[in-house]
Amino acid sequence: IAFDFSDGFCDLVNGIDDIKNQTIRCIGDAETRFNEDALRILRALRFSSVLGFTIEENTKSAIHKCKDLLNNISAERIREEFVKLVCGKNAYSVLEEFSDVISVFIPEIKPCINFKQENRHHCFDVYTHTLKALAKSSPDTKTRLALFFHDIAKPLVAHFDEKGEQHYYGHPKKSAEITEKILTRLRFDNNTKNSIVTLVAFHDSPIMVNNSVSPDKKRLKKIMSQIGKELIFPLIEIKYCDN
């Protein structure tokens, strides 16, 4: 879209209408655009998440078809777009619909998708639960990424007891190990990485006693001594969203 004071707007591709209709659309052939620069795939998802815009059908189809082109993009560029996507107001819908795209650079989430939790405390598969918890949180990078990864190891540690109920013992520690590898691969800075890994490792640590409505002070103090006071409120938010 161009503008000059003599002729006004020059809009050769109907961009103004797309803005008014809150639509994300490639100019010309979508597959050609993505082959020119595969990062446009993640930019489209990021814009949809942050702005709440809808991705036009031809563009959407090309995103799914061209997703493997992301293997040619640097980890740093993927990280920047993914962080913005995860913190967007429409993150739930985008991460749900384009899980196949996210799986290209975070293949560790594949086992979580449609993994049914045979447990009386859960009514969603692991990935759906993850996204619902994430959507409940404030748009803070560390909090949202910790929620995105908090149950990533559940399919790996799941086992059934003699009553046929599924359990996930040890999943916080294993999820933290997997998260650290992913964040290292995506070139996160050490401070951000360590905070997220810590939150994942402690997300299932109990802070209540029996059926109390308030956290137990002794338990909170113990956890605070282990993770630091700056992470205690993010941890409480994560536990709330997890519930």
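Here the two rings, on Phe47 and Phe53, have centers that are 6.0 Å apart or farther. Checked against the 6.0 Å centroid threshold, Phe148 and Phe82 count as a close aromatic pair.
No side-chain donor-acceptor contact under 3.5 Å links Thr143 to the backbone of Pro234. A donor-acceptor pair under 3.5 Å is formed between the side chain of Ser175 and the backbone N or O of His171. No donor-acceptor pair closer than 3.5 Å links the side chain of Ser99 to the backbone N or O of Leu95. In this structure, Arg40 contributes its side chain and Cys26 its backbone to no donor-acceptor pair below 3.5 Å. A donor-acceptor distance shorter than 3.5 angstrom exists from the side chain of Arg144 to the backbone of Val86, with no hydrogens or angles considered. With hydrogens and angles disregarded, no donor-acceptor distance shorter than 3.5 Å links the side chain of Lys173 to the backbone of Gly170. Judged purely by atom type and a 3.5 angstrom limit, Asp216 uses its side chain to pair as donor or acceptor with the backbone of Arg219. At distances below 3.5 Å, at least one donor-acceptor pair connects side-chain atoms of Arg185 with backbone N or O atoms of Phe105. Side chain of Ser225 to backbone of Lys222: a donor-acceptor contact under 3.5 angstrom is found. One N or O on the side chain of Asn243 and one on the backbone of Lys239 form a donor-acceptor pair closer than 3.5 Å.
His203 and Val200 make their closest contact through ND1-O, 2.7 Å (heavy atoms, listed as atom of the first residue, atom of the second, distance). In terms of heavy-atom proximity, Cys241 sits nearest to Ala133 at CB-O, 3.3 Å.
Side-chain polar atoms of Asp204 and His150 form no donor-acceptor pair below 3.5 angstrom. When only modelled atom types and interatomic distance are considered, Arg25 and Thr59 share no side-chain donor-acceptor pair under 3.5 Å. Between the side chains of Ser138 and Glu237, at least one donor-acceptor pair of N or O atoms lies under 3.5 Å. Side-chain contact, Glu96 with Ser93: no donor N or O sits under 3.5 Å from an acceptor N or O. No donor-acceptor contact under 3.5 angstrom links the side chains of Ser61 and Asn58, judged on distance only. Under 3.5 Å, the side chains of Thr192 and Lys142 contain no donor-acceptor pair of N or O atoms.
A cation-pi arrangement is absent between Lys154 and Phe115 under the rule of less than 6.0 angstrom and at most 45 degrees off the ring axis.
Considering Val104, Ile73, Asp68, Val101 as possible partners of Ile41, the one that fulfils the side-chain contact (heavy atoms from CB on, under 4.5 Å) test is Val101.
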Do Tyr127 and Asp151 pass the side-chain contact (heavy atoms from CB on, under 4.5 Å) test, and can you show the C-alpha distance, the side-chain angles, and the key distance before you say yes or no? CA-CA 8 Å; Tyr127 191 63; Asp151 280 348; over 6 Å; no
Evaluate Asn90 against Val50 for side-chain contact (heavy atoms from CB on, under 4.5 Å), listing each step before the verdict. CA-CA 6 Å; Asn90 200 35; Val50 172; over 6 Å; no
Could you go through the salt bridge (Lys or Arg N to Asp or Glu O under 4.0 Å) check for Arg79 and Glu76 one step at a time? CA-CA 5 Å; Arg79 179 196 67 222; Glu76 292 87 350; 5.6 Å; no
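The line from CG of Asp140 to CG of Leu147 is 10.0 Å long, rounded to the nearest 0.5 Å.
Under the 4.0 Å criterion applied to side-chain N and carboxylate O atoms, Arg43 and Asp37 are assigned as salt-bridge partners. Look at Glu108 and Lys181 and you find no salt bridge, because none of the NZ, NE, NH1 or NH2 atoms lies under 4.0 Å from a carboxylate O.
Contact annotation: the side chain of Phe9 never approaches that of Asp4 to less than 4.5 Å [non-hydrogen atoms, C-beta and beyond].
By the neighbour-count criterion of 12 heavy atoms within 6.0 Å, atom CD1 of Ile16 is densely surrounded, having more than that number from other residues, nucleotides or ligands.
Note on ring orientation: taking the six-membered ring where Trp is involved, the planes of His122 and His129 are perpendicular (angle over 60°, cut-offs 30° and 60°).
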